[in-house]
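Note sheet for the following structure.
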Amino acid sequence: MSIIKRIGLPFQLLIALVLAIIFGKFVSVADSFYNFLGTTFIKAITMVILPLIFPVVIVAVVKIFNEKSFGRILAKTFIYFFVVTTAIIAIFLLASYYLKFGSSTHATANASSLKGIGTSVNLWTFLTSIVPENVVKAFSTNNLLSVIFFAIAIGLGLGAYGPDKSEPLLHLFDIWINALYKVTDFIIKLSPIGIFGIIAHDVSTVGINELLSLVKFIIGLYIGYALLLLVVFPLISRFYKISYINTLRETKDLFTLAFFTGSSSVVLPKLLERLKQNGTSQVATDFVVPLGYTFNLEGATVYLSLAVAFIANSYNLSLSLATLISIVLLLTFISKTIATVPSGAIVVLLATASQLGLPKEGVALIFAVDFFANAGRTALNVLGNAIAAKAIDRKLESATVVSAKTAKE
């Protein structure tokens with residue numbers, strides 16, 4: 001046990017990955033056991049997400065309300081989300097299309113692999129679904145966005161009710177939040193076992209050959225991920241005057257865990273805790289990050305942009321600049337639904353394909369290796385939201401300083 005404790009979590013996860021590939025490939029008879037380990041781990045993390053996010057958002061909104069800055073913070077947050085994600089989609093879609101990413105691939109796939117997955121996303125249906133008609137149902141179906149909406153409403157209500165009168169309930173929420181942080185710590189310590197189960201199950205059922213058949217797409221996709229990690233994120237950090245290196249150091253284990261699990265929810269509780277431990281304000285962290293899990297998925301935007309370009313080029317489709325711009329706008333809005341629907345990334349791809357006449361077979365082709373694409377996509381989503389929280393926090397600090405100077409004058 002002492003030896004295991006001396007091995008850092010990232011290395012534990014790497015060891016779990018290697019063992020999972022070996023066991024998944026050569027001991028596939030134990031697939032049911034692998035699936036049990038992986039599913040149990042994901043369920044354990046999912047168990048604490050909504051019970052944690054609900055009070056976290058309430059407490060953050062009450063504090064924002066008391067500072068009379070709710071509208072300002074909300075505006076800054078959504079402007080950041082939409083400007084950043086739109087710019088990323090535009091850059092990666094246009095570059096990958098004009099560089100002919102996928103033009104040398106002429107593979108075929110059976111669209112029947114998409115059976116049972118939704119093929120469209122209605123923006124207005126998505127927007128109306130944010131408001132829960134049944135709060136209990138929102139919790140029971142793990143509808144994160146609806147729960148956040150209800151939490152914001154309760155937070156505003158408590159703020160209007162009065163800080164002194166609300167204090168006993170807020171104190172109870174603080175105790176509840178810290179207790180769930182402890183539960184999350186325990187679950188995270190078991191994550192290598194969960195990772196082993198998840199990856200061994202995928203290897204034994206999907207196989208490594210599927211990855212090799214689309215190796216050009218995976219390589220190109222990870223080059224895109226690398227550009228986001230090494231170029232775009234540092235530029236955003238520099239613009240907002242935050243240390244990108246420090247952000248990486250603070251979240252490297254969470255980034256690694258999200259990569260191997262393919263689930264950003266796994267690290268959400270620890271991400272909230274870690275950001276606050278390293279100086280990001282509670283107001284910015286607890287408000288921006290939960291919203292960012294729906295509206296600020298930079299890794300997913302890179303994936304969608306490259307996937308659309310890959311499909312278009314692999315089928316030799318000619319797209320005008322006006323069409324590409326319309327795709328940018330389309331992806332900007334419907335990409336916000338990824339976190340709210342099952343198989344979100346594939347649903348958004350299918351919705352885009354339906355709007356633009358792209359072959360569904362191309363989406364099916366990419367769907368075959370989505371597990372490998374999802375790893376980098378999810379890890380970058382986590383890092384992107386850490387940067388967003390720090391960026392908004394820095395803007396709030398600057399606004400506070402300016403207000404203080406103005407008051408003195």
Side-chain angles (χ1 to χ4, degrees), residues 43 45-78 81-82 121-163 165-181 183-184 263-265 268-269 271-273 275-276 281-297 333 336-342 344 381 385 388-389 392:
K43 283 187 174 183
I45 283 292
T46 304
M47 172 184 69
V48 303
I49 297 301
L50 292 188
L52 175 63
I53 292 302
F54 182 65
V56 159
V57 173
I58 289 175
V59 173
V61 170
V62 171
K63 290 188 176 183
I64 294 170
F65 186 91
N66 290 339
E67 295 173 6
K68 304 186 184 303
S69 56
F70 179 77
R72 178 164 54 89
I73 294 176
L74 186 65
K76 289 180 183 294
T77 300
F78 275 94
F81 289 167
F82 276 88
V121 174
N122 184 292
L123 179 62
W124 298 112
T125 300
F126 163 69
L127 292 175
T128 55
S129 69
I130 294 174
V131 183
E133 60 181 351
N134 186 325
V135 175
V136 175
K137 182 180 179 181
F139 276 94
S140 65
T141 57
N142 284 314
N143 190 330
L144 178 62
L145 199 52
S146 292
V147 171
I148 290 175
F149 182 90
F150 181 60
I152 291 174
I154 294 296
L156 292 173
L158 289 173
Y161 185 59
K165 296 177 181 178
S166 303
E167 184 58 33
L169 181 58
L170 296 177
H171 181 64
L172 178 61
F173 281 153
D174 283 333
I175 295 173
W176 179 263
I177 291 167
N178 288 315
L180 285 177
Y181 281 154
V183 173
T184 304
S263 172
S264 55
S265 296
L268 177 55
L271 179 61
L272 295 172
E273 185 179 24
L275 286 171
K276 286 178 281 191
S281 72
Q282 182 178 353
V283 166
T285 300
D286 291 347
F287 187 74
V288 174
V289 174
L291 283 176
Y293 262 55
T294 295
F295 294 102
N296 186 51
L297 304 176
F333 285 99
K336 309 309 178 200
T337 67
I338 285 180
T340 65
V341 296
N381 288 341
N385 279 305
I392 299 301

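In this text the structure is predicted, and so the values were computed from the model without any measurement.
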**Q.** Contacts of T77 that satisfy side-chain hydrogen bond (donor to acceptor under 3.5 Å, both in side chains) - sequence neighbours left out
**A.** none

Do any side-chain atoms of residues 131-140 form donor-acceptor pairs under 3.5 angstrom with protein atoms, and if so which ones, sequence neighbours left out?
unit_1 : atom_1 : unit_2 : atom_2 : d
N134   : OD1    : V136   : N      : 3.0
N134   : OD1    : K137   : N      : 3.0
S140   : OG     : V136   : O      : 3.3
S140   : OG     : K137   : O      : 2.9

(Q) Using every non-hydrogen atom in the two residues, find where V59 and Q282 come nearest and quote the distance to one decimal. (A) CG1-NE2, 3.5 Å

Q | Considering all heavy atoms, the nearest I148-L291 contact | A | CG2-CD2, 3.8 Å

**Q.** Any donor-acceptor N/O pair, T285 side chain to L275 backbone, under 3.5 Å
**A.** no

Q. Rounded to the nearest 0.5 Å, what separation is found between the CG atom of L170 and the CD1 atom of I177?
A. 9.5 Å

(Q) Minimum heavy-atom separation for L272 and P290, please, with both atom names. (A) CD2-CD, 4.2 Å

Q | Euclidean distance, I58 CD1 relative to D286 CG, rounded to 0.5 Å | A | 11.5 Å

Q: Identify the heavy atoms of G155 and V61 that sit nearest to each other, and give their distance.
A: C-CG1, 3.6 Å

Q: State, to 0.1 Å, how close G292 and N385 come at their nearest heavy-atom pair, and which atoms those are.
A: CA-OD1, 3.1 Å

Q) Which residues pass the ring pair (Phe, Tyr, Trp, His ring centres under 6.0 Å) test with F150, sequence neighbours left out? A) F54

Q) Looking only at heavy atoms, which two atoms of W176 and P51 are closest? And how far apart? A) NE1-O, 2.9 Å

Q) To the nearest 0.5 Å, how far apart are CE in M47 and CG in L180? A) 8.5 Å

Q) How many angstroms lie between CG in N178 and CD in E273, if you round to the nearest 0.5 Å? A) 8.0 Å

Q. If only atom types and distance count, is the side chain of Y293 paired as donor or acceptor with the main-chain N or O of S264 below 3.5 Å?
A. yes

**Q.** Any residue meeting side-chain hydrogen bond (donor to acceptor under 3.5 Å, both in side chains) with Y161, in chain and number order, not counting sequence neighbours
**A.** none

Q | side-chain hydrogen bond (donor to acceptor under 3.5 Å, both in side chains) partners for S265, two or more places apart | A | none

Q) Nearest 0.5 Å, what's the CG-OG1 distance between L50 and T141? A) 8.5 Å

**Q.** Sequence-distant partners of N381, side-chain hydrogen bond (donor to acceptor under 3.5 Å, both in side chains), two or more places apart
**A.** none

(Q) Using 0.5 Å steps for rounding, measure from the CD1 atom of I152 to the CD1 atom of I154. (A) 11.5 Å

